[in-house]
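Only this structure's heavy atoms are used, side chains among them; waters, hydrogens and symmetry mates stay out. The structure presented is a predicted model; accordingly, all values stated were derived computationally and were not measured. Naming convention: chains lettered A, B, ... in sequence-line order (proteins, then strands); numbering from 1 in each chain.
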Amino acid sequence: MIKKMMHGNEACAYGAIIAGCRFFAGYPITPSSEIAEELAVLLPQVEGKFIQMEDEIASMAAILGASLNGIKSLTATSGPGFSLKQENIGYACQTEIPCVIVNVQRGGPSTGSPTMPSQEDFMQSRWGTHGDHFIVVLSPSSVQETFDLTVKSFNISEKYRTPVILLMDEIVGHMTEKMILPEPGEIEIIDRKKPSVKPEDFRPYENTEDGVPPMAAFGSGYRHHVTGLMHDETGFPTNNSEIIQKQKDRWKKKFDLARDTVVFTELTDAEDMEYLVFSYGSSARCTRKAVKIARENGLKVGSMKALTLWPFPGKELEKVSRGLKGIVVAEMNMGQAIREVERAVGKNVKVLGANRYDGESMHPDDILSVIEKF
Amino acid sequence: MGKVLRKPKGFYDIFFRNPSPDKKSTHYCPGCGHGIVHKMIAEAIEDFGIAEKTIWVSPVGCSVFGYYYFDCGHQQAPHGRAPAVATGIKRAKPDTIVISYQGDGDLAAIGGNEILHAANRGEGISVFFVNNSIYGMTGGQMAPTTLVGQKTTTSPYGRNPANEGHPLRMAELISQLEAPVYVERVSLHDTKNRIKTRQAIRKALQLQVDNKGFSFVEILSQCPSGWKVSPVDSLKWIEENQLPYFPVNVFKDVSSEREKIKIKEPLWDKSKISQALELDIESKSYPAPKPLKALYEEPRIKIAGFGGQGILMLGVLLAEAAMLTGKEVTWIPSYGPEMRGGTANCHVVIKNGKISNPSVDKPDILIAMNQPSLEKFEKDVATGGLIIIDTTLVKKGVSRKDVEVLAKPFSDIADKELKSTKVTNSLIIGALIGKTGMLDKTSLFDAFKIHITKENLIDINKKALEKGLTLSQ
Ligand SMILES: Cc1ncc(C[n+]2csc(CCOP(=O)(O)OP(=O)(O)O)c2C)c(N)n1
Ligand code: SF4
Ligand SMILES: [Mg+2]
């Protein structure tokens, strides 16, 4: 273990290297560029490949190709680039290609506020590409968490054959903090499951018990076909509605079974709480401060920090929400996660939003003034 | 801050939109080339008197703030998309002067496709391409024009052609296309070359004023901050690093041979619009159909077979004819993964009142033009309904006893008697309306006129329909 000072974007690059990522393709964009710049230095030192592509569409396409060849792959971007990546994120969902996409959020839409903090891509990270699909989204609130969740993102993507989105924000990306860096071998690293059958029996989209089909790298003796068309177990296109439904039901089964292993939350000051503040990313830092002030003023407030945004930790939230006098959802947007919170806790608890969408970071007062409204 | 002395009229006197307290200087770093290029363009705008009709399309890059300076219309495009946005502006109002001002990342990387196609279409715009071999705005990353060996934050070991490829020579590339009228590369590194730059900018704008087409001026421009050299050394940097790889030259100039592009105004004349949309057709009345069974008054029809058999057209013709007769109709197609060769079917609903469900799960009438279609859909037909099969292709007949069947070798008859299997569907239509009385043939003849695009085929289809009428028993 080594202690180091670094900023969030740097921690992400370090996490990627430790997790086994050896391919990065990206396109410079504020406030994510440091991830690319750091990996431009680090990857060649571990014989990995760093490529700056012509745009984000191509960057995303390149990491799909690299991952299909058995190499863990990463790309990093921000709002406008995240929009461009959606086409190929959908492809990764359809074809179940493990890969990690970092989005260091900026205010939007369009070019928006490149250098200002925001959490406006909560919904886009889940529903950015078209069509029914599943995806995992993690969101760190500190430099340490950025490192940890980068490693987790790769592990989840490999274990479940899925793209994982690491949804950072500008504050976390650019904030410098002390962090503890494990040495290689000190933390769990998961690699995708490989086929053990004879090549002629290999079915790349087999309905396995856990819903995760083994994955063969191109050139490893297993010939297979990968297509963005809806396909059957062999990977070849189909229009058979029964098979289409079966494949999609398998996706659902896979994510249902994975759900509890990929949802991470942290509950604090919960024993006697009457109010709960729900938040994520850098807003969760401010929430801790707000809770401290509220308690000093005699209010019984607790907090829940979501490290996983999707699947949404509704179950966890519902469990602790019973009997509460109110829930505040603190986020730097006009109210996105709050919709999910309301869905999770139903009509039993009053839910109010503490929202900041002016490009400034969340302040404890933004939260405290909402608690006063209950 | 690079001071702009003696401001040309193309500029605002005071850069009031610049949020910086200094409203007289540009936002560019000291020694930056962008400001010099801006000044040359502003002078030309003034001298040509075109400020009122100039639209400046800014890129994403250091020059994103073009609207601080130029006293004209502005649009800032998403990264790389300026030539596409400019295309829309220019095509919508061809008498405007449209400038696409772009950096090298914007134009040659993310916007590579947009510039190539705008140039290839010969859009009548002027492109000013500021090549500083770096991504200035985002803090000095590699650009597609970064030189071999040049260190940037994303090529920290120096650009290596084996990994990053060679720098793109955009002027040369664009000049290979047929459409562009004028393509030149110029440089800002000394007075002599700045004079040439000024001339090139003016020429490009003059060509747009003269409606001559697409022009492209690449300008080698200094970025002291990105290159990490002093403003003075940055001029030497151009000369020593950029110039050997990016030679200044006129790569293409066919302006004297080019005709002026003719500008057409959009049409607003009401009668001409009606004509174009065929709104001027008189409505016509048709003999009322005489359905022989209540079931045929408002039939739900499924037509199925191979793609390419005219299945979909058969449905369209029935729906069109019914619509002409005054009915409500829906038609929906459904095909396999291939439009041709695979299976195809369509659903037609004909009703007197509003239709709620356009998809036909239980057809009153099934037309099956191949064996698999009959096998798949026979069981769904409503009791007392009608199944029509083409026995040339459907060898095993209908097994149900509670439906009517009309079985004829339609394809054979079409082939032998009408000399074309292409009219099989019209033959079947004839048999269908003969059997059911659901539509009058005159409405179908008019439907032919609307949907059969080759006029010489209308007669043979009419003939086929007449022949079909005799096959209805
Ligand atoms: C889709 C998208 N990706 C990335 C960016 C970030 N970005 C802003 S400016 C720029 C590069 C600009 O470089 P260049 O075109 O060479 O202009 P310069 O600043 O050098 O004049 C990039 C990558 C963005 N705004 N949008
Ligand atoms: S970074 Fe370079 S291109 Fe941008 S303003 Fe500064 S000198 Fe000019
Ligand atoms: Mg540049």
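Using non-hydrogen atoms only and a strict 4.5 Å limit, the part of residues 135-145 of chain B facing chain A consists of B:Tyr135, B:Thr138, B:Gly139, B:Gln141, B:Met142.
Each of B:Asn113, B:Thr153, B:Thr152 has some count of heavy-atom pairs under 4.5 Å with chain A, and the biggest count is that of B:Thr153. Comparing A:Leu39, A:Val41, A:Thr30 by heavy-atom pairs within less than 4.5 Å of chain B, the highest count is held by A:Val41.
Here the closest non-hydrogen pair linking A:Ala40 and B:Tyr157 is O-CE1, 3.4 Å.
Taking 4.5 Å as the limit, some side-chain heavy atom of A:Thr111 sits within range of a side-chain heavy atom of B:Gln76.
The side chain to side chain donor-acceptor pair (under 3.5 Å) test with A:Gln52 singles out one residue from B:Thr154, B:Thr146, B:Asn163, and that residue is B:Thr154.
Within a 6.0 Å sphere centred on OH of A:Tyr91, other residues, nucleotides and ligands contribute more than 12 heavy atoms. Heavy-atom contacts from other residues, nucleotides or ligands closer than 6.0 Å to CG of A:Asp132 number 12 or fewer. Summarising the local packing, NE2 of A:His130 is surrounded by 12 or fewer heavy atoms from other residues, nucleotides or ligands at distances under 6.0 Å. Surrounding CD of A:Glu242 are at most 12 heavy atoms belonging to other residues, nucleotides or ligands under 6.0 Å away.
With a 4.5 Å cut-off on non-hydrogen atoms, A:Leu229 does not touch chain B at all. Only the side chain of A:Pro44 comes within less than 4.5 Å of a heavy atom of chain B; its backbone N, CA, C and O stay farther away.
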